[in-house]
> 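The structure that follows is given in the form of structure tokens.
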There are 4 protein chains.
Amino acid sequence: MDFRLNPNSGVPIYLQLMEQVKHGIETGALQHGDQLPGIRKLAEVIVMNPNTVAKAYRELEHEGYIEVRHGAGAFVTGKLNNQEVQDRMDRARPIFETAVTQAAALGLNDEEIRRMVEAELQKIEFRKGASH
Amino acid sequence: MDFRLNPNSGVPIYLQLMEQVKHGIETGALQHGDQLPGIRKLAEVIVMNPNTVAKAYRELEHEGYIEVRHGAGAFVTGKLNNQEVQDRMDRARPIFETAVTQAAALGLNDEEIRRMVEAELQKIEFRKGASH
Amino acid sequence: MDFRLNPNSGVPIYLQLMEQVKHGIETGALQHGDQLPGIRKLAEVIVMNPNTVAKAYRELEHEGYIEVRHGAGAFVTGKLNNQEVQDRMDRARPIFETAVTQAAALGLNDEEIRRMVEAELQKIEFRKGASH
Amino acid sequence: MDFRLNPNSGVPIYLQLMEQVKHGIETGALQHGDQLPGIRKLAEVIVMNPNTVAKAYRELEHEGYIEVRHGAGAFVTGKLNNQEVQDRMDRARPIFETAVTQAAALGLNDEEIRRMVEAELQKIEFRKGASH
DNA sequence: GTGGTCTAGACCACC
DNA sequence: GTGGTCTAGACCACG
């Protein structure tokens with residue numbers, strides 16, 4: 001597995017890392033029991049601060065995606081890949097596959113697509129009734 | 001125009017403000033030449049610090065959406081309202097309206113929706129050939 | 001006399017007005033005793049707030065360039081066009097005529113020329129020994 | 001690199017800071033990749049508020065001179081060091097070095113020098129055909 | 001009236 | 001360690 005990181009995207013690097021590990025798990029590229037690269041080794045490969053990688057692993061562990069076994073490494077758990085989240089994701093994926101592809105075809109760049117989504121999210125927040 | 005802000009959403013308030021002004025401009029609710037509410041006045045209405053509003057206005061100016069005239073107020077620019085972007089946005093809006101609404105109905109929260117979109121964007125980037 | 005104002009230059013409008021009146025006086029376009037346009041009339045012509053024009057006149061009076069006679073209008077004084085300032089200006093003018101023309105010929109735009117001058121001014125301030 | 005600021009010059013402190021960083025970059029004192037002092041550290045050294053320094057850094061980033069990496073620091077960009085601008089600047093510098101020094105020797109103060117330059121810039125604009 | 005600058009200091013996020 | 005956000009409030013400058 002190789003990682004694609006963009007330090008200038010505004011998205012924190014540790015989140016990008018988490019993102020991609022999660023994505024790997026959700027798509028089956030990373031299976032239950034698979035070992036993730038060591039923190040230092042990965043940090044070296046992606047030319048990032050080990051603390052950044054450590055934070056990503058720590059958060060992934062908090063969320064139950066991986067298990068960090070002291071001295072042994074980090075391993076993918078099967079636990080929190082519970083039906084609920086998995087199913088939601090699986091059912092939603094084709095929706096966004098289509099939407100994003102269409103938008104890209106219309107000529108929108110990443111930035112514009114994100115803004116579009118944010119605008120819609122705010123509309124929904126508003127329907128739920130946020131603060132003033 | 002009224003603003004709906006959620007100070008606890010994790011999204012910086014000034015960004016939420018920018019988002020909504022942009023949205024207003026893109027949908028035509030704010031037209032070229034329209035004056036935005038005064039910094040202090042708006043700050044009072046939304047119960048936020050004037051500096052926070054000022055920051056939103058300053059950034060919007062940097063991005064070319066508005067023009068801030070010292071002593072006179074902030075005004076919507078016509079520049080970024082070019083057909084191109086406007087049209088792209090207008091054509092893409094219903095796509096995301098549907099997609100995000102469907103996803104929300106499936107139970108995905110904001111965070112999951114953003115991740116889903118990011119994953120799709122990465123897939124597209126990847127097709128074009130990305131870095132690392 | 002007509003005025004050239006740029007509300008987007010960053011330079012306050014009232015300063016631009018003062019600038020041009022001074023320039024007129026220094027070059028002889030405005031002579032001792034000449035009457036300046038009325039505040040309201042000028043404001044109308046240049047499409048600016050009368051307060052702005054008033055402020056320019058007030059400052060010009062403070063600096064002794066003009067005399068505002070209540071109910072009669074504003075008139076150019078000969079007083080502060082003393083030899084000293086006049087002479088300095090006259091001797092310095094060709095220097096900058098050359099410098100700015102050369103710089104423009106080299107392709108520098110207004111912004112770059114201003115920055116160049118500011119940098120030099122700071123170097124001089126520094127030689128005189130400013131605060132930290 | 002050390003900074004020389006004058007809080008009473010009328011020129012905003014954050015602009016003075018920007019000015020000096022830019023100058024450092026243009027003269028080569030600050031090279032591509034160099035790290036600028038930390039916001040709080042610099043604020044302490046120059047005895048100013050960290051927010052003031054932060055504003056200078058933020059603006060410099062907007063203008064492309066530096067890149068601010070959250071949690072890592074601020075770094076000089078290579079982008080704006082393109083030959084074109086650099087060369088223009090280098091060729092123009094001696095012109096203004098001479099001009100400003102001569103003007104200062106003639107007794108003109110900063111304000112008068114700026115006015116002189118503005119007058120010349122207007123003359124050039126005028127030749128090109130200006131507004132109002 | 002408008003916006004702009006600066007301060008002081010809390011609290012959070014990232015590397 | 002780094003920068004980012006937000007608050008509270010003083011004081012100034014522009015129209």
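Convention: sequence-line order gives letters A, B, ...; per-chain numbering from 1. Quick caveat, the model's predicted, so the values are computed rather than measured.
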> Quick one: label C:M48 by what it contacts on the DNA or RNA (base, sugar-phosphate, nothing), any heavy atom closer than 4.0 Å.
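No contact at all - C:M48 keeps every heavy atom at 4.0 Å or more from the nucleic acid.
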> Identify, with sequence neighbours excluded, every residue that meets side-chain hydrogen bond (donor to acceptor under 3.5 Å, both in side chains) alongside B:H62.
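Partners of B:H62 by the side-chain hydrogen bond (donor to acceptor under 3.5 Å, both in side chains) criterion, ordered by chain and then number, come out as D:E59, D:H62.
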> Does a nitrogen or oxygen in the side chain of D:Y14 sit under 4.0 Å from OP1 or OP2 of E:dC6?
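So the side-chain polar atoms of D:Y14 never come under 4.0 Å of the phosphate oxygens OP1 or OP2 of E:dC6.
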> In whole Å, what is the span from the CD1 atom of D:I66 to the P atom of F:dT2?
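My rounded result for the distance is 15 Å.
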> Scan nucleotides 9-11 of chain F against the protein and return all N/O pairs shorter than 3.5 Å with their distances rounded to 0.1 Å.
unit_1: F:dG9; atom_1: O6; unit_2: B:N51; atom_2: ND2; d: 3.2

> Rounding to an integer number of Å, can you tell me how far B:N8 CG sits from F:dT5 P?
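In whole Å, F:dT5 P lies 17 Å from B:N8 CG.
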> Would you please confirm or rule out a distance under 4.0 Å between OP1 or OP2 of E:dT7 and any side-chain N or O of D:T52?
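Checking E:dT7 against D:T52, a side-chain N or O does come within under 4.0 Å of OP1 or OP2.
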> If I take atom CZ in residue D:R58 and atom C1' in nucleotide F:dG4, what distance separates them, rounded to the nearest angstrom?
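My rounded result for the distance is 8 Å.
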> Just to verify, what does B:K22 make a salt bridge (charged side-chain N to carboxylate O under 4.0 Å, His left out) with, not counting sequence neighbours?
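B:E63.
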> Name the residue closer to the 5' end of DNA chain F, choosing between B:P12 and D:K41 according to the nucleotide with the nearest heavy atom.
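The residue mapped nearer the 5' terminus is D:K41.
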> Are any non-hydrogen side-chain atoms of A:M89 and B:L108 less than 4.5 angstrom apart?
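Side chain of A:M89 against side chain of B:L108, heavy atoms only: contact under 4.5 Å found.
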> Starting from C1' on E:dT2, measure out to CD on B:E67 and report it in whole angstrom.
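Roughly 14 Å, once rounded to whole Å.
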> Among all residues two or more places apart in sequence or in another chain, which pass the salt bridge (charged side-chain N to carboxylate O under 4.0 Å, His left out) test with B:K123?
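B:K123 satisfies salt bridge (charged side-chain N to carboxylate O under 4.0 Å, His left out) with A:E97, B:E120 only.
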> Around atom CD of B:E44, are there more than 12 heavy atoms from other residues, nucleotides or ligands closer than 6.0 Å?
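Counting neighbours around CD of B:E44, 12 or fewer heavy atoms of other residues, nucleotides or ligands fall under 6.0 Å, so no.
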> So what stems show up for DNA chain F if we need 3 or more Watson-Crick or G-U pairs in a row, all under 3.5 Å?
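Stem list for DNA chain F: E:1-14 with F:1-14.
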> Once you round it to whole Å, what is the distance between P of F:dG15 and CG of C:L15?
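Whole-Å distance recorded here is 9 Å.
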> Name all pairs fulfilling the salt bridge (Lys or Arg N to Asp or Glu O under 4.0 Å) condition that reach into residues 10-20 of chain B, sequence neighbours left out, sorted by first residue then second.
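The answer is A:R115-B:E19.
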> Return the value, rounded to whole Å, for the distance between atom CE of A:M18 and atom P of E:dC15.
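These atoms are roughly 13 Å apart.
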> Quick test of your reading of the model: are D:R69 and D:E67 salt-bridged, counting only N-O distances below 4.0 Å?
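Yes, D:R69 and D:E67 are salt-bridged.
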> Which nucleotide wins on minimum distance to the side chain of B:H70, given the candidates E:dG3, E:dC15, F:dG4?
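Nearest listed nucleotide: E:dG3.
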> Where the side chain of B:Q16 meets the backbone of A:Q122, is there a donor-acceptor pair that is under 3.5 Å apart?
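Judged by distance alone, no pair lies under 3.5 Å.
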> Output yes when at least one side-chain N/O atom of A:K55 is less than 4.0 Å from OP1 or OP2 of E:dC15, else no.
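Checking E:dC15 against A:K55, no side-chain N or O comes under 4.0 Å of OP1 or OP2.
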> Give a yes or no answer on whether the side chain of B:T52 reaches the backbone of B:Y14 with a donor-acceptor pair at less than 3.5 Å.
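The answer is no, because no donor-acceptor pair under 3.5 Å joins these two groups.
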> Given that B:Q35 and D:A72 both sit by DNA chain E, which one's nearest nucleotide is further toward the 5' end?
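It is B:Q35, whose closest nucleotide lies nearer the 5' terminus.
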> Using modelled atom types only, decide if a donor and an acceptor are shared between the side chain of D:E61 and the backbone of D:V68 within a distance under 3.5 Å.
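Between the backbone of D:V68 and the side chain of D:E61 there is a qualifying donor-acceptor contact (under 3.5 Å).
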> In whole angstrom, what separates B:F75's CZ from E:dG1's P?
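Taking atom P of E:dG1 as the reference, CZ of B:F75 is at 16 Å.
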> Starting at atom CZ of B:R69, determine the distance to atom C1' of F:dA13, rounded to an integer number of angstrom.
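Distance check: B:R69 CZ to F:dA13 C1' gives 17 Å.
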